[in-house]
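Every chain is numbered from 1, with letters handed out A, B, ... down the list of sequences.
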Amino acid sequence: MAAFEDTNGYRIILQWMEDKGNYPFKFQVDTWKKFGNGYSGMVIAPTGFGKTFSVFLALISDFLSHPERYGTGLKMIWVTPLRSLAKDIAKAMQEAMDEIGLDWVVGVRNGDTDPKVRQQQVKSMPEILVVTPESLHLLLAQKNHERFFKNLHCIAVDEWHELLGSKRGVMIELGIAQLKKYVRKLKIWGITATIGNLDEAMEVLIPYDIKKAKITAKEHKKIDILPVFPDEIEILPWAGHLGAKMADKIVPIILNSRSTIVFTNTRSQSEMWYQLLLDAYPDFAGQLAIHHSSIDAHLRIWIEENLSNGKLKAVVSTSSLDLGIDFKPVDTVIQIGSSKGVARFLQRAGRSGHSPFETSRIYCVPTHSLELIEVAALKEAVKQKVIEPREPQVLCFDVLVQFLMTLAVGDGFMPDEVYSRVKQTFAFRDINDEEWKGMLEFLTIGGSVLKSYEEFHKVVITDEGLYKVTSRKIAMLHRMNMGVIVSDAMLKVKFISGGYIGMIEEYFISRLKKDEKFILAGRTLEVAMIKDMTVFVRAASGKALVPSYLGGRLPLSSNLSVFLREKLSGALNPKASEKELKFLHPLLARQEERSHIPKDDEFLVELIKNREGYHLFMYPFEGRLVHEVMAALIAYRISKLAPISFSMAMNDYGFELFSDKEIPLNEENLNRILTRDNLMTDVISSINAAEMASRKFRDIAVISGMVIQNYAGKQRSNKSLQSSAGLIFKVLEDHDPNHFLVRQAYTEVFNIQLQEPRLVEAFRRIENSRIILKYAKTFTPLSFPIKIDSLRQTLSSEGLDARIQRLLQQANRSG
DNA sequence: GACCTGCTGCGGTATG
């Protein structure tokens, strides 16, 4: 295989890829050599640059050049976050092997792998093994697993940006730390899309003091961002999210494209848009599909295949198609509503024109008028290449507990030796001795509080000091519950005649009245019966409800917020290129006339008095999540001035406090209400942190193995999980409030739920802004959408008692 | 008058 020596090998592989119609990511020759010279590192390029395959070939060429250096068996581990990616990359790798004429085997090991293949692999590992983070840990949970890695040379982590910010990323960090025990000179490579914190991303994956290289694509991905305007501004609703009226505008876009992905933000929205498109253009029947996480996996695979081979004209989807196989025929992407962030926007745009030579085309369809400003903001952010960072998770003790159990289930571990390795990871570099001691105690006797419960005595210490699981049952349950993804329990939906359709939330079905129909995967269904967590249905027709799911909310990224405020600030005098802002002019003019358009260094507060009562609006543009906390905080601070209770509403741009009493707010005290002083103390007083932590603790309890989710194929219901986790949380909080898992729950509440760093930053900005207080008689273009939101749901700051009292008084008065 | 939402991802097996 001398042909692969040095630069020659580089050229041959490039040629070979081009002959195959692939688009190689062109490493420089000196870069190419780094793969062979013992470097670790990070490769950064947009999707569609063939970076995955290029890295693979670069690593392989090293093996080929010096076959004598490598023994038999497993040489390379390839980690992908998705099972579906694993299948495809392994196939491509195997093809390459065959063509190069090397009899290496590429194996896949994950939940889809046939048990027979699994057994075979244990007997004789393939040369290259493609795994998920979870499967990697499952390997480490096997007895005598060290032998698998005897000749391991390198590990590559694909789509690292996807894993970095999550607990799955922490799993990778720990997995690599363990592999480094077996392979001292392990090469570690990460592959990532562009994100805001590339240096940190590399530091997290490779915190070790070894030769490192960062390799960035020079070529840039071309993107066409095309806003879709309605014929008149009146057609755009002032609030809302569906954007139904835009369907007629979208049909021709789909017809003029080869193949289109229509991205929506929620599962129910995708179901509705599927219907809207079919209604608008019935000939789409059979060429249109729908794809989201609650749809049966088989159906989703079928859709993905038909998207790849060009048989589908369009697919309406959620984030479920954000990642995945290259859908070559897709030349157009449509984003319905806000993409909420620059990185997600680029990711979705990159699904079309999937090659460095093609231009990605993405149409932005606003679902309400203010979203047009967001399009302008996105364009600017993309132009300036300001992409969100992925914040690495640190000190996730639940993941560490699980990892230690994994080792204990495998060959057992010596605490001091593991501790020194764990401390080298990015996630646990700040762990202290006390926390570590607590963790060991937790594994062996359940800690001081739970020690009287036998079930928490999982790990035994042998005479040699080895921490080990001896119970087969405990070992089995651990293997079955490995991973850090805690899913909500949902009901399966099956045809009574057979055939699985997807999943639905329990509460949606429970609220469904007799004879009411619902829609799933684009089909109208009626309930025949419910048995064993399964809803049996039959096909129906006519009016039907679209289920909603209690999913996570996509927060508006702070990057996008910055550009949003900037664009709004200059909205009345747009640049010639900003069609979006010109289109919005009538609406913006009205905002300026009735109230004010906040400039870059201003913070707008509106007080509106009308027949209903008194409304206070504030516009931080920090996204719903932050506004939720801010609204509670401001309500709390005002209520300290004078007893008053509010109902609250919010959207991504601002929030409302509403009261039937006059709000005691004026130019003088407004600064005090918006101060950064005592910020977190007031936040804690204004929310129920203990309740939030208790809810967060549910996931922690599952991941750390305190509450078992899967018992031999049976999944426990949501309620039962929550109640046992809640019980444990209460016991711990009462008797050991400093417990490392309790502390973690609070940290997660502050960092994730309350977004403390972002909140603090927002208040710092407000403090440095000029505060503009405006009184208005009617709702303004900015306030109206929030008011609409409050009609849907009202959160109340007042206690239940006070509220009942007031309702009673009202009732008495009117009676 | 304008409207009616809330993402994604994973996962058993031992031994002669």
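A side-chain N or O of A:Glu374 and one of A:Tyr653 form a donor-acceptor pair less than 3.5 Å apart.
Which of B:dT13, B:dG9, B:dC7 sits closest to the side chain of A:Tyr549 comes down to B:dC7. Here the side chain of A:Ser319 is nearest to one of B:dC10, B:dA14, B:dT8, namely B:dT8. Picking from B:dC3, B:dG9, B:dA14 the nucleotide with the shortest atom distance to the side chain of A:Ile485 gives B:dG9. For A:Thr132, whose side chain is taken as the heavy atoms from C-beta onward, the closest listed nucleotide among B:dC10, B:dG12, B:dT8 is B:dC10. Taking only side-chain atoms of A:Glu134, from C-beta outward, the nucleotide of B:dC7, B:dT8, B:dC10 with the closest atom is B:dC10.
Residues forming a side-chain contact (heavy atoms from CB on, under 4.5 Å) with A:Ser352 (at least two apart in sequence, or on another chain): A:Val330, A:Val333, A:Ser360.
Between A:Phe617 and A:Tyr619, the ring planes are parallel. Angles under 30° get that label, and only those over 60° would be called perpendicular.
For the pair A:Asp699 CG and B:dC10 P, the interatomic distance rounds to 17 Å; values are reported in whole Å. For A:Arg147 and B:dA14, the CZ to P distance is 8 Å, given to the nearest whole Å.
If you check every strand for non-hydrogen atoms under 4.0 Å, A:Lys340 touches a base.
The shortest side-chain heavy-atom distance between A:Thr318 and A:Phe263 does not fall under the 4.5 Å cut-off.
Between A:Leu321 and A:Gln142, the one whose closest nucleotide on DNA chain B sits nearer the 5' end is A:Leu321.
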